[in-house]
Protein chains: 2
Amino acid sequence: MTTTISKRTLERLSLYRRLLSDRLGKESPFIFSHQLAKLVQVTSSQVRRDIMVTGCFGNPTRGYRVEDLIEAIGKIVDAEEPQNVVLVGIGKLGSALMNHFHGRRPNLRIKAAFDSSPERINRIYQGVRCYGMQDLAQVIRDESAYAAILTVPGDVAQQVANQLVMAGIRGILNFAPVPLHLPGNVYVEVIDLTTSLEKVTFFARQSAGAQVS
Amino acid sequence: MTTTISKRTLERLSLYRRLLSDRLGKESPFIFSHQLAKLVQVTSSQVRRDIMVTGCFGNPTRGYRVEDLIEAIGKIVDAEEPQNVVLVGIGKLGSALMNHFHGRRPNLRIKAAFDSSPERINRIYQGVRCYGMQDLAQVIRDESAYAAILTVPGDVAQQVANQLVMAGIRGILNFAPVPLHLPGNVYVEVIDLTTSLEKVTFFARQSAGAQVS
DNA sequence: TCTTAATCGTGAACATTGTAACGATGTGAA
DNA sequence: TTCACATCGTTACAATGTTCACGATTAAGA
């Protein structure tokens, strides 16, 4: 509770849990720090440090109990109750994400979608209804949603983000290609697809060495 | 050339360029570090330091010439010639990304897609042909592609990544929900959608304060 | 029981990344 | 021409994040 958990640590914990869940039942019910380290490609020191914040204790001869780790990480990462999420902008990317997240984490539920395009409104995507933008505040309050996925075009992203915050949203996963200017108490996680791809080509080029012919 | 550019710096440079390009023609042809800083939400020191690596020089009374910055960043981020990219796994997410990247950066061209599903093979997506997996190595060599976008299910991601590397790929943008184990000279940029959304809900919850009622 | 061998938990060293500070510089006004 | 002023370029500093190193711990085997 009092321990503050950094972004990086949380990322790794989330990943640890996912890999541990995959492994559960397949291998030994225990795992050593160096084994988990190999799976996620970090050092074993890093793993042990991260596990420290979960309050989980390992055993020097058996390692950590996988089930305990999963549960302890869950206590940090998950809320007590399932978290309701909304998605704004159900174009190709938006509906692909709707599809992607559907049923992936039991505690994260996309409860509503929003779009401005009339032909999308009132349609059902993965069992989730798409509303018009005018219903945004009402639906978000009704669903007690605190987090949103933003997949609208860049030129309207800021304005939509403002509406979300007004409606009570406190965390945004932003796929729009512009930085959002929002109050400091709103957490924004940016997924910048263009920059990511540019990074890949840049470092690929570096490691590929001199261009051939 | 000899200067080594960190991941973080490259991310910011990519973003600077994008915002500067948007601004070009609309505002003054010059910009101060603090103005750019406000746009991307970093400190002006950070901006000036990042610009240092571009070799671009500003003027204490006018600031930086926007065009010069865009060009200088391009010399770092872009290759001399357009970079060919391939996409593997043209499901919903894959085709949404195909759509997203289509024509977005002139220097990054998706030249081929691959999938194992017969009904997708030989179809055209955004003017780009989808090939079967057996053609992967040949097409990648023919197109001189060094970077790939990976949007296949987690259970085949590693195997597909191995094939990509064998075919000459040196950078992968990985959307599959598993870490890839590849040689050190292959750059992997991970977009972990689940972890990202978990982060958002975690920090949203923290800043939302105590749960209401 | 005692030894051995591997791993854990954690303080301290180290590396990386971001911020602040400050002399240098260029322009407009007196 | 000289002064005032805002910003740049760069170095020094601070904060954050990662790795090292080592005593503590556990269980298996002699």
Side-chain angles (χ1 to χ4, degrees), chain A residues 2-16 20 27-69 72-73 76 179 184 187 190 195 199 203, chain B residues 2-16 20 27-69 72-73 76 179 184 187 190 195 199 202-203 206:
Chain A
T2 45
T3 321
T4 173
I5 291 177
S6 81
K7 229 173 112 164
R8 290 290 178 83
T9 301
L10 192 75
E11 284 173 9
R12 285 189 299 265
L13 288 176
S14 165
L15 182 56
Y16 295 162
L20 290 169
E27 310 256 345
S28 156
F30 290 87
I31 191 168
F32 292 119
S33 62
H34 62 84
Q35 294 177 301
L36 183 50
K38 198 165 188 183
L39 286 177
V40 303
Q41 296 175 79
V42 299
T43 64
S44 58
S45 308
Q46 183 76 79
V47 169
R48 293 200 299 277
R49 266 238 179 273
D50 291 336
I51 290 176
M52 270 179 73
V53 310
T54 68
C56 220
F57 281 78
N59 174 311
T61 41
R62 294 196 183 158
Y64 302 90
R65 189 180 182 77
V66 175
E67 276 189 45
D68 291 353
L69 284 179
I73 295 173
I76 291 175
Y187 179 82
V190 178
T195 290
K199 260 162 79 182
F203 289 111
Chain B
T2 46
T3 321
T4 173
I5 291 177
S6 82
K7 230 173 111 164
R8 290 290 178 83
T9 301
L10 193 75
E11 284 173 9
R12 285 188 298 265
L13 288 176
S14 166
L15 183 55
Y16 295 161
L20 290 169
E27 310 258 346
S28 156
F30 290 86
I31 192 168
F32 293 118
S33 61
H34 62 83
Q35 293 177 300
L36 183 50
K38 197 166 189 183
L39 286 178
V40 303
Q41 297 175 77
V42 299
T43 63
S44 57
S45 306
Q46 183 76 77
V47 169
R48 292 200 299 276
R49 243 171 76 143
D50 290 336
I51 290 176
M52 269 180 72
V53 310
T54 68
C56 220
F57 281 78
N59 173 310
T61 42
R62 293 196 184 160
Y64 302 90
R65 189 179 181 79
V66 175
E67 276 189 44
D68 291 353
L69 284 179
I73 294 173
I76 291 174
Y187 179 82
V190 178
T195 291
K199 262 161 78 181
F202 178 82
F203 289 111
Q206 286 207 332

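Convention: sequence-line order gives letters A, B, ...; per-chain numbering from 1.
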Closest heavy-atom contact between A/Arg12 and A/Asp50?
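Answer, listing the atom of A/Arg12 first, then A/Asp50: NE-OD2, 2.6 Å.
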Give the minimum heavy-atom separation between B/Ser14 and A/Thr195, together with the two atoms involved.
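Heavy atoms of B/Ser14 and A/Thr195 come nearest at OG-OG1, 2.8 Å.
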Other residues, nucleotides, ligands: >12 heavy atoms within 6.0 Å of A/Gln41 CD
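Yes.
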Is any side-chain heavy atom of B/Arg48 less than 4.5 Å from a side-chain heavy atom of B/Ser45?
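In contact.
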I'd like to check A/Gln35 versus A/Lys38 (side-chain heavy atoms, cut-off strictly below 4.5 Å). Are they in contact?
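When only atoms from C-beta onward are counted, A/Lys38 and A/Gln35 do not touch, as no gap falls below 4.5 Å.
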Distance in Å, [X] [atom1] paired with [Y] [atom2], rounded so as to fall on 0.5 Å steps:
{"X": "B/Ser6", "Y": "B/Glu11", "atom1": "OG", "atom2": "CD", "value": "8.0 Å"}
{"X": "A/Leu15", "Y": "A/Leu36", "atom1": "CG", "atom2": "CG", "value": "8.5 Å"}
{"X": "A/Thr9", "Y": "A/Arg49", "atom1": "OG1", "atom2": "CZ", "value": "10.0 Å"}
{"X": "B/Phe203", "Y": "A/Ile5", "atom1": "CZ", "atom2": "CD1", "value": "8.0 Å"}
{"X": "B/Arg65", "Y": "B/Ser28", "atom1": "CZ", "atom2": "OG", "value": "9.5 Å"}

Nucleotide [N], atom [atom2] - distance to [atom1] of [X] in whole Å:
{"X": "B/Asp50", "N": "C/dG18", "atom1": "CG", "atom2": "C1'", "result": "10 Å"}
{"X": "B/Arg48", "N": "C/dG23", "atom1": "CZ", "atom2": "C1'", "result": "13 Å"}
{"X": "B/Arg65", "N": "C/dG26", "atom1": "CZ", "atom2": "P", "result": "17 Å"}
{"X": "A/His34", "N": "C/dG9", "atom1": "NE2", "atom2": "P", "result": "13 Å"}

Nearest listed nucleotide, side chain of B/Thr61, among C/dT17, C/dT27, C/dA6
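Given the options C/dT17, C/dT27, C/dA6, the side chain of B/Thr61 is closest to C/dT27.
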With a 4.0 angstrom cut-off to heavy atoms of chain A, pull out the first and last contacting nucleotide of DNA chain D, in 5'-to-3' order.
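The contact span of chain A on DNA chain D goes from D/dG17 to D/dA27.
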Going by heavy atoms closer than 4.0 Å, what residues in residues 8-15 of chain B are next to DNA chain C?
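Those residues whose heavy atoms fall under 4.0 Å from DNA chain C, taken from residues 8-15 of chain B in numerical order, are B/Arg8, B/Arg12.
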DNA chain C contacts made by residues 36-47 of chain B, counting heavy atoms under 4.0 Å
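The stretch gives B/Thr43, B/Ser45, B/Gln46 as the residues lying under 4.0 Å from the strand, ordered by number.
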Mind grabbing the angle between the end helix axes of the helix from C/dT1-D/dA30 to C/dA30-D/dT1? Five pairs an end, 10° rounding.
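Result, rounded to 10 degrees: 10°.
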What do the steps show when you test B/Leu69 against B/Ile31 for side chain to side chain contact (heavy atoms under 4.5 Å, CB included), and what is the final call?
CA-CA 10 Å; B/Leu69 284 179; B/Ile31 192 168; 4.1 Å; yes
Would you mind telling me which residue lines up with the more 5' stretch of DNA chain D, B/Cys56 or A/Asn59, judged by nearest nucleotide?
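Upstream on the strand: B/Cys56.
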Earlier contact from the 5' end, DNA chain D, for A/Arg62 and B/Ile31
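Closer to the 5' end of DNA chain D: B/Ile31.
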Shorter than 3.5 Å, N or O on both sides, protein versus nucleotides 11-15 of chain C: list them out with atom names.
from, atom 1, to, atom 2, distance (Å)
C/dG11, N7, A/Arg49, NH2, 3.0
C/dG11, O6, A/Arg49, NH2, 2.6
C/dA12, N6, A/Arg49, NH2, 3.0

Cut-off 3.5 Å, no hydrogens considered: what does the side-chain donor-acceptor table look like for residues 51-64 of chain B, sequence neighbours left out?
from, atom 1, to, atom 2, distance (Å)
B/Thr54, OG1, B/Ile51, O, 2.5
B/Thr54, OG1, B/Cys56, N, 3.1
B/Asn59, OD1, B/Thr61, N, 2.7
B/Asn59, OD1, B/Thr61, OG1, 2.8
B/Asn59, OD1, B/Arg62, N, 3.3

Side chain to side chain contact (heavy atoms under 4.5 Å, CB included) for A/Tyr187 and A/Lys7? Distances and angles first, verdict last.
CA-CA 11 Å; A/Tyr187 179 82; A/Lys7 229 173 112 164; 3.6 Å; yes
Evaluate A/Ile76 against A/Leu10 for side chain to side chain contact (heavy atoms under 4.5 Å, CB included), listing each step before the verdict.
CA-CA 9 Å; A/Ile76 291 175; A/Leu10 192 75; 4.3 Å; yes
